[in-house]
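Here is the structure we will look at.
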Amino acid sequence: MSFSSDVKKELALVKPEKECCGLSELCGLYASMGSLSLLGRGKVNVQFTNESLSVCRRAYTLLQQSLSITPQINYITTARFGGTRKGVLILGPIQSPTFLKAMGMMDETFSLRSYTPRLPITRMCCMRAYLRGVMLGGGTMSNPEQGYHLELPVRDGEMQNTTAKCIQRMGLPIRLSERREHTYFYFKQSDQIVDFLTILGAHNSVMQIEDLRVKRQVMSTVNRAMNCDSANLQKQMNASQQQVEAIRQLMESERFTTLPPSLQQIAQARLSAPDASLQELGEMLDPPIGKSGVNHRMRRLMTYLEPKPESN
């Protein structure tokens, strides 16, 4: 089961805010998954087709509640793509005019005015319902574990204008993409997807995305800390190795015995504990000294290896 399917299952259970929202959601469903067939002699046939049975049940329920229409349900299994099963809701020539009039596609004389819905969607609640219908009918979303990408299909210019207006009123950016002669609205940022799904009412899906985002942030912080610790440790080991080599060179040149007692003491401590930090070295001395004191002695010790300028 894909994440996109889980989102649609959740959206299919969202209760419309008001009575007007049922028609608006039906408008979005028809715009993204509906079709109109002319049967001749003024008769028409409206169908809703979708691979998600949850979406088909949603459309069936809205048609009953909003328009008192009971569509016929058929299930079609295609041989392609592993035997995909689709649900088809058929209104028929008797019930189709009721739906078309409600969508502003047919006038009172049963004359077809438009092939696309012309339902006025002006209220914020209806815009949310319309977008929910578009998402249910044709929207897709990638698994957030693999990346953030949500698409809404655009089937014609009327749908594009209505969808763009609703997205803009929700305060979200309008981005269009064309692929294989098809147009899509899309969101690629996690914040925008979370806002969009929250508007539609998919709160459980939003919680899953937020939980994943928190886990990613924690892992990113941990990785940065580990990388920083690793870099510091490598730096410390390199400095320690240089110090050990310098001390051995001093011993080989017999200059070691001429060093001040404090520098001989820190040199012996470094040779006995080459992997110890400066603070640990300071604690090994008698009496113990702080990190800054150890660093000062090491810097003085390293100067004895620097060649002295020749006098003229």
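Quick note: residue numbers are just sequence positions, from 1. Since we're looking at a predicted model, the values are computed, not measured.
- To the nearest 0.5 Å, the span separating CD1 on I193 from CD1 on I209 amounts to 6.5 Å.
- Side chains of L100 and R113 form no contact here, defined as non-hydrogen atoms less than 4.5 Å apart.
- Looking only at distances, no side-chain donor or acceptor of Q95 sits under 3.5 Å from a matching main-chain atom of G92.
- Across G139 and L152, no two heavy atoms sit closer than the pair CA-CD2, 4.2 Å.
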If you apply the rule side-chain hydrogen bond (donor to acceptor under 3.5 Å, both in side chains), what do you find for S2 with S4, and how did you get there?
CA-CA 5 Å; S2 66; S4 184; 5.0 Å; no
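- With respect to the salt-bridge test (charged N to carboxylate O, under 4.0 angstrom), the residues E151 and K188 do not qualify.
- For F185 and F196, the ring centers are positioned 6.0 Å apart or more.
- Contact between R169 and T122 at its shortest, heavy atoms only, is NH1-O, 4.0 Å.
- In terms of heavy atoms, S142 sits closest to G147 at OG-O, 2.9 Å.
- Counting heavy atoms of neighbouring residues, nucleotides and ligands inside a 6.0 Å radius, atom CE of M207 does not exceed 12 of them.
- Using the six-membered ring where Trp is involved, F48 and Y30 have ring planes that are perpendicular, over 60° apart on the 30 and 60° scheme.
- Between R85 and E51 there is no salt bridge, since no side-chain N of the basic residue sits under 4.0 Å from a carboxylate O of the acidic one.
- Residue L131 forms a side chain to side chain contact (heavy atoms under 4.5 Å, CB included) with just one option from T162, L136, I167, I121, and that option is I167.
- The closest side-chain donor-acceptor pair between T140 and Y184, if any, does not fall under 3.5 angstrom.
- The nearest pair of heavy atoms linking P71 to L91 is CB-CD2, 3.5 Å.
- No hydrogens or angles considered: a donor-acceptor pair under 3.5 Å links the side chains of T109 and S111.
- Between L150 and M135, some side-chain heavy-atom pair lies under the 4.5 Å cut-off.
- Nearest heavy-atom pair, G201 versus L11, reported as atom, atom and distance to 0.1 Å: C-CD2, 4.2 Å.
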Criterion side chain to side chain contact (heavy atoms under 4.5 Å, CB included) on S5 and S52, from CA distance to verdict
CA-CA 8 Å; S5 298; S52 171; over 6 Å; no
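- With values rounded to the nearest 0.5 angstrom, S54 atom OG is found 10.0 Å from K8 atom NZ.
- Residue S96 holds its OG atom at 5.0 Å from CG of N45, rounded to the nearest 0.5 Å.
- Remark: side-chain polar atoms of R155 are not paired, donor with acceptor, to backbone N or O of H182 under 3.5 angstrom.
- Clustering ILVMFWY residues whenever any of their side-chain heavy atoms sit less than 4.5 angstrom apart, transitively, puts M284 in the very cluster that holds V294.
- Side-chain contact between Q279 and E283 is present, with heavy atoms from C-beta onward closer than 4.5 Å.
- Using a 4.5 Å heavy-atom threshold, the side chains of L89 and Q47 count as separate.
- When atom types are taken as modelled, the side chain of R270 and the backbone of A273 share a donor-acceptor pair closer than 3.5 angstrom.
- Two residues are said to be in side-chain contact when any heavy atoms from C-beta on lie closer than 4.5 Å; M106 and K101 meet this criterion.
- Side-chain contact between M141 and F187 is absent, with no heavy-atom pair separated by less than 4.5 Å.
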For L200 and V14, run side chain to side chain contact (heavy atoms under 4.5 Å, CB included): C-alpha distance rounded to whole Å, both residues' side-chain angles, the deciding distance at 0.1 Å, then the answer.
CA-CA 8 Å; L200 302 190; V14 175; over 6 Å; no
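- Side chain of N161 to main chain of G157: a donor-acceptor pair is present (N/O by atom type, distance under 3.5 Å, no hydrogens or angles).
- In this structure, the separation between SG on C21 and CZ on R128 is 7.5 Å, given to the nearest 0.5 Å.
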Let me see the working for K291 and N295 under side chain to side chain contact (heavy atoms under 4.5 Å, CB included), right down to the final yes or no.
CA-CA 6 Å; K291 179 179 178 180; N295 186 48; 5.6 Å; no
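- Cluster membership check: L67 shares its hydrophobic cluster with L36, using side-chain heavy-atom separations under 4.5 Å among Ile, Leu, Val, Met, Phe, Trp and Tyr.
- Within 6.0 Å of CD in E210 there are more than 12 heavy atoms belonging to other residues, nucleotides or ligands.
- The side-chain heavy atoms of Q72 and N74, taken from C-beta on, include a pair separated by under 4.5 Å.
- Salt bridge present: E25 and R58 bring a charged side-chain N and a carboxylate O closer than 4.0 Å.
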Intermediate values then yes/no, side-chain hydrogen bond (donor to acceptor under 3.5 Å, both in side chains), Q192 and R175:
CA-CA 12 Å; Q192 297 171 0; R175 292 189 174 92; 3.3 Å; yes
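- Put simply, I266 and L259 are part of the same group of oily side chains (I, L, V, M, F, W, Y) that touch within less than 4.5 Å, one to the next.
- S190 contributes atom OG, which lies 5.0 Å from atom OH of Y148 (distance to the nearest 0.5 angstrom).
- Proximity of E19 to S66: side-chain heavy atoms (C-beta onward) are nowhere separated by under 4.5 Å.
- Contact detail for L281 and A269: the closest heavy-atom pair is CD2-O, 3.6 Å.
- In summary, of the residues considered (M170, M127, Q160), a side chain to side chain contact (heavy atoms under 4.5 Å, CB included) with K165 occurs for M127 alone.
- Linking Ile, Leu, Val, Met, Phe, Trp and Tyr whenever their side-chain heavy atoms come within less than 4.5 Å puts L26 and M124 in one cluster.
- Residues V88 and L29 fall into different hydrophobic clusters, defined by Ile, Leu, Val, Met, Phe, Trp and Tyr side chains chained together at heavy-atom separations under 4.5 Å.
- Shown here is Q64, whose CD atom has more than 12 heavy atoms of other residues, nucleotides or ligands within 6.0 Å.
- In this structure, M105 CE and M103 CE are separated by 9.0 Å, a value rounded to the nearest 0.5 Å.
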Going through the distances and angles, do H149 and Y186 end up as a side chain to side chain contact (heavy atoms under 4.5 Å, CB included)?
CA-CA 7 Å; H149 190 85; Y186 70 94; 4.2 Å; yes
